[in-house]
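Treat the numbers as computed from the prediction; the structure is a model and nothing was measured.
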Amino acid sequence: LASLCDGGQAGLKLDWNVTWHTSNPDFPKCFQNTVLLWLPCFYLWASFPVYALYLSRHDRGYIQMTHLNKAKTALGFLLWTVCWADLFYSFWERSQGVFVAPVLLVSPTLLGVTMLLATFLIQLERRKGVQSSGILLVFWLMALLCALTIFRSKIMAALKEVDRFRDTTFYVYLVLVLAQLVLSCVLDRAPLFSETINDPVSATRTRVPGSSRQLTLMIRGYRQPLEAGDLWSLNKEDTSAQVVPVLVKNWRKEFDPAKAQGGSKVDVNEEAEALIVKSPQKERAPSLFKVLYKTFGPYFLMSFLFKAIHDLMMFAGPEILKLLINFVNDTKAPDWQGYWYTVLLLVSACLQTLVLHQYFHVCFVSGMRIKTAVIGAVYRKVGPSRTPGICGSAPGAGGRGGLNPGLSLSPQNLGPSVLAGVAVMILMVPFNAVMAMKTKTYQVAHMKSKDNRIKLMNEILNGIKVLKLYAWELAFKDKVMAIRQEELKVLKKSAYLAAVGTFTWVCTPFLVALSTFAVYVTVDKNNVLDAQKAFVSLALFNILRFPLNILPMVISSIVQASVSLKRLRIFLSHEELEPGSIERRPLKDGGCHRCWVVHRGLPSPVSLLVKRLVGVSWRTLLAGAGPALSCPSPPSLSRPSLATQGSVAYVPQQAWIQNNSLRENILFGRPLRERYYNAVVEACALLPDLEILPSGDRTEIGEKGVNLSGGQKQRVSLARAVYGDSDVYLFDDPLSAVDAHVGKHIFDNVVGPKGMLRSKVLLQGGTTAWAVARGACTCTGGHLHICWNVPAWGPGAGPRWTPVPCFPRQLSSSSSYSGDGGRPQASAADPQKAGAKEEAWKLVEADKVQTGQVKLSVYWDYMKAIGLCLSFVSIFLFLCNHVSALASNYWLSLWTDDPVVNGTQEHTDFWLGVYGGLGIVQGIAVLGYSMTVSIGGIFASRRLHLDLLHQVLRSPMSFFERTPSGNLVNRFSKELDTVDSMIPQVIKMFMGSLFNVLGACVIILLATPIAAVIIPPLGLLYFLVQRFYVASSRQLKRLESVSRSPVYSHFNETLLGVSVIRAFEEQERFIRQSDLKVDENQKAYYPSIVANRWLAVRLECVGNFIVFFASLFAVISRHSLRAGLVGLSVSYSLQITAYLNWLVRMSSEMETNIVAVERLQEYSETEKEAPWQVPETAPPSNWPQVGRVEFRDYGLRYREDLDLVLKHINVTIEGGEKVGIVGRTGAGKSSLTLGLFRINESAEGEIIIDGVNIAKIGLHNLRFKITIIPQDPVLFSGSLRMNLDPFSQYSDEEVWTALELAHLKSFVSGLPDKLDHECSEGGENLSVGQRQLVCLARALLRKTKILVLDEATAAVDLETDDLIQSTIRTQFDNCTVLTIAHRLNTIMDYTRVIVLDRGEVRECGTPSDLLQQRGLFYSMARDAGLV
């Protein structure tokens, strides 16, 4: 290069006397003409190929020519002209015989070509839709900075040498470059034909966190609480549709070979076993980690690169600090060098900030994608999976941060003494490894008990009605608390472990420093610990401190992630249904085929057949079920096969209803055909119900159909199947749940010879069948007998069948179990009806979003839950720890300033001793506060959980009908988990960083009091930015947690209805819905990531300015400062950026996590039911002795704003009477029982039992003394014995007697575990009939004076029904029995019958009297074929 300048006379070498050792530095001329001019050019040419490739792959549309674009292009050509003017001038000089240095030809040529390239790029970007260019912005900035350096030197040399032409062109060049830079900062108009930009709220990718779009969102969030509508839609590459298929494909690739080798046989009863026990077999198990790596590897590689660059840059700080301390010690050094170092510090810190947050952004977005992908994969697995169990944990993989090789640079400072520090670190490694192993074991145990608790809570919430009717809340509360106790034991152990962990992590950097300094000063008397050595080493040790601080979080995250990955792998490896196991053929002939299956008290083969057909193969049945489904002629069954011809529709025995409008439940994703839809609604007898519902078919139905009665649910389920217009219909006893007249209507209009399904293949199972069957199958003892071409049976032939439905179950509109609690029964003539029709009626309340700042009372409540004494002790210990840390570092600065006498420092032992002593105080304080915070956290979560559980159990039935179970499960799982494990961690981190920041400010003020001018304004700015940010961040967190509830609810709903979804082949639609809900959830999460980065970049800049001012003031007052203090102040300020950033992250984490406490307490303010016990009015223990029930002008309504459902009921039932209650759908039969149990409180009048007004006594006093056999038999997972007697009040003999009377003795004694037989969730492993008999056994055990039967024998066949009726007649002979009748023949011998209509008593008397009156009762009996 030297030969380019002046033919080699003037060297390129920097002359240090000109450039450095002078008060007015400058660069040599040759350096300016080469390096400074070429630097930007090399940058642009190096970036061009990569950038061009990127643009070719990412086309964002096309931007039309704008004035901005024209201006940029014109300036580009002008710059080229200016550069080449220099070139032609040089040629002209040469032609004049003047010697021109080669550099004056090379540089203008290179610059000119580069300007042409820049102009070309401007146009290329316009064509590819780039609105603002980062590459060109950096290029113009570099060009301007280099030009300004040359400009300064030209000004200084202006008087000595002048080259008019070249100077003029240079000034023009400088102005043009400045103009280009300004124009590059302006945004161009939006491109045409672009996918991303046309979306008004698309989250276009933010490369450097800090774009205007975020600012707009933040400002909006600050002015008013953000709502879901303000959020951007997701980037295309972050949506489920893009992310999930890739993961699923990679998992298939990984899983299939492993499966072929037999490596993935997962038959583990308890997941936890699989997690702890190492698998003995050597076969290759599929690795989910590998799959995630394949899918998301590139993103993490990118983040790794960013992190590596950042970690290398971190060492710039201590190195510059070393130069700065030398500068302070060297009194001859020119002042500008000090300023140069401070600017260098600022620039390096700002660059670190940008790189670090790019890394964080990539990490978080990848984390978000992994979450989306995993949830999607799990949901897709549920469809074809054979397993009833489901795994709940999505990966908590958020482990970030890593150890920096902070010790690598220390040897330059302290020589081999650093090895002592290395030894300390190495000693800590096995200790940490043991801790990590222990943490993992505890984590697994915790997850196991958490799963059990949530499973039990789920059951409690699903069966809450039964708990209330039987007054079993306390028994189940104890069950939950027993599991919770185990969970807290594990948490306590983890807390002690975490405390010891925190102790080691906080003390390690200090021990490293102490051991290093101690060895250094004791090995050799001549080793002097001066400021440079001490504080540069300290700055390097501090780099270590931060990764060490977050190491516990990283370890626990990694442990959680590995446990979760293992659970997910086990779940995803479960067997799936083989898609080819059912042959689906097109329907060839349109002939009508029907088969009926009769069964006696066993799970109906249809339900099993259907389960086989729609894939729940865990109840295996029939060898060859083919003929039962395609019925043309009795084939010979050579091999087990199952074939369907045409499409299939299925009506299960227990209707599955979605939380959606009634219309959507019937349409089930198919387009609306108005006329056909109306015909279906009419045929399924739903018109009268639509009149009762507040918004007709637009009324929202609650989860699991809570606001419909059993009969209505069945009819909706039937309507869904009929509307599907399929070829094959599978009916699993659907009409058991409807009234006689309704059954007749449905028979005529749907399945009869003139019905809508007359030309379809029908398979009907259950206790009701008709004479139109072409063939029938009977089932005894699990064997299916098929007989063909059976003649039509009359009333006397064959099993007791009649040409019309035999006494189908008569069902109310407000049945007891599937209650009617939230169901308004508006009369048809309601004047508000028209308005209500317009606005679809909402029953279920969405999860509420709190707004505004978290109230201080929430923090105060949390402190009270910990215990105020404990709270203040921990704050005091925090203070002690940080004061001693400050003192020890201040002591170090005094020590380094100790004068050196004869090459050594005196009193070394004294200095070292005090330094070590302060360290010990620090260690004790750390251990103390870690213990108190962790244990306090457990106290708090115990108290908060107990309160929440108590409040939820004390809530009235209406609360559960309005609140989706997803919301409550969310409280008991996610929010409680936050309180258990997140909040104590966050508190420790928050307090730690708060005191660190305060400490750093104190030290800076001590060293340079002048900083008092600048620290308060910076502090204020910092605080304002933080408040500005938290407003949005907090709201985004709330929106995210609210949008998480629907994901859970939808998942739950899918699990419950998976057989129906499969039968209708609607899996794809449900997968799409789930993806949509997950995307909605991520829509709130993405802006919170971006907001986090937005904030961090701005705050770190504030922090960087604190470093800048600390060093600047040290330089200004260097003559009056000790080197030790400068070292102390700057090394502290270097840390402040990290701590400030962390402080804000933690304070917003604190706010966002404390929201969990707020949400746990939310339900303490909701209304509660009456007290369980009222000691003052408690009735005597033998009450009721007679069982006389008296209704006095009794009235009932479901909600304040609704009409009365029961009006003026005046009935007296004498002790021992058997009374039947009948009425058409919606007459208010079940409402009467609800009133009797005070599930709903009376609106007027009263009920008197044996002279006691039931409204005056405690709920448990009442509910323990009357018994109900509800309509839907609900069992809980646990032993059979627990299901009969949760309080363990009765002996085994009594239990066996009850089972014998309930006709279950032979069944139970045949089970391997007898009474300890485990019932699965919801009693799924017993048939509906058996569950009903268990409910009868419960009633027989309690043997109270008053028994209520709410259509209790609907699910059992006729023989079992007779047995039950005879048992009730003999065993409850002297009791008062109230029966809501569905088979009228069962109440024909009762003493009295009450007929209800529209909530009023219409007829009352003996059955024979009522038949003679020929009123309502007579017409019902006629419909049922009794008269």
Side-chain angles (χ1 to χ4, degrees), residues 244 247-248 250-259 261-297 300 366-367 369-382 385-399 433-455 487 490-491 493-494 497 553-576 973-974 977 981 1051:
V244 183
L247 181 81
V248 172
N250 286 337
W251 170 253
R252 280 264 156 264
K253 276 188 202 158
E254 174 73 13
F255 178 66
D256 292 341
K259 188 177 170 187
Q261 292 176 23
S264 67
K265 284 201 178 69
V266 182
D267 187 24
V268 185
N269 290 334
E270 187 40 71
E271 279 179 0
E273 270 178 62
L275 296 174
I276 299 172
V277 182
K278 288 272 178 287
S279 53
Q281 74 259 41
K282 280 280 168 271
E283 295 127 338
R284 188 176 81 83
S287 154
L288 185 59
F289 179 75
K290 229 158 113 185
V291 173
L292 288 174
Y293 173 73
K294 264 189 204 160
T295 317
F296 302 102
F300 283 111
S366 309
R369 286 179 187 167
I370 288 182
K371 187 173 144 193
T372 302
V374 169
I375 293 176
V378 167
Y379 189 86
R380 281 157 175 73
K381 180 76 183 178
V382 173
S385 175
R386 289 184 170 200
T387 40
I390 211 82
C391 99
S393 170
V434 172
M435 299 263 297
M437 289 306 296
K438 284 301 253 186
T439 311
K440 177 161 183 175
T441 332
Y442 291 149
Q443 185 84 37
V444 172
H446 178 213
M447 277 193 171
K448 191 176 163 188
S449 35
K450 188 170 87 179
D451 278 0
N452 288 341
R453 177 171 58 78
I454 291 168
K455 189 173 152 213
E487 198 181 345
V490 176
L491 277 173
K493 286 179 188 165
S494 307
L497 205 61
M553 277 179 87
V554 173
I555 286 181
S556 74
S557 289
I558 288 175
V559 167
Q560 275 182 340
S562 73
V563 170
S564 299
L565 277 177
K566 200 152 189 181
R567 294 177 64 181
L568 283 167
R569 177 178 65 76
I570 290 167
F571 175 70
L572 291 174
S573 304
H574 278 306
E575 280 190 65
E576 291 189 6
S973 54
K974 185 78 175 80
D977 197 35
S981 33
F1051 196 74

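For the atom pair R380 CZ and L572 CG, the distance stands at 12.0 Å (nearest 0.5 Å). Between the CD1 atom of I558 and the CD atom of Q443 there is a distance of 12.0 Å, given to the nearest 0.5 Å. From L288, atom CG reaches atom NZ of K290 across 12.0 Å, with rounding to the nearest 0.5 Å. A distance of 13.5 Å separates CG in N452 from CE in M447, rounded to the nearest 0.5 Å. Note: D451 CG to K448 NZ = 10.0 Å, rounded to the nearest 0.5 Å. Annotation: the span from S366 atom OG to L292 atom CG amounts to 11.5 Å, rounded to 0.5 Å.
Ring-plane geometry between W251 and F255 is classed as parallel, the angle between the planes falling under 30 degrees on a 0 to 90 degree scale with a further cut at 60.
Atom NZ of K294 has more than 12 neighbouring heavy atoms from other residues, nucleotides or ligands inside a 6.0 Å radius.
Checking side-chain atoms of E254 against main-chain N and O of S287 turns up a donor-acceptor pair under 3.5 Å. Side-chain atoms of K381 come within 3.5 Å of backbone N or O of H574 as a donor-acceptor pair.
The minimum heavy-atom distance linking V490 with Y442 is given by the pair CG1-O, 3.3 Å. When all heavy atoms are compared, the tightest approach of L497 to M435 is O-CE, 3.3 Å. Residues A377 and V244 approach most closely at N-CG1, 3.9 Å, considering heavy atoms. Residues L247 and A373 come closest through the heavy atom pair CD2-O, 3.5 Å.
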For this session: Evaluate the side chain to side chain contact (heavy atoms under 4.5 Å, CB included) criterion for residues K450 and L491: first the C-alpha distance (whole Å), next the side-chain angles of each, then the deciding distance (0.1 Å), finally the verdict.
Result: CA-CA 11 Å; K450 188 170 87 179; L491 277 173; over 6 Å; no
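Looking at R569 and V291, their side chains never come closer than 4.5 Å, going by heavy atoms from C-beta outward.
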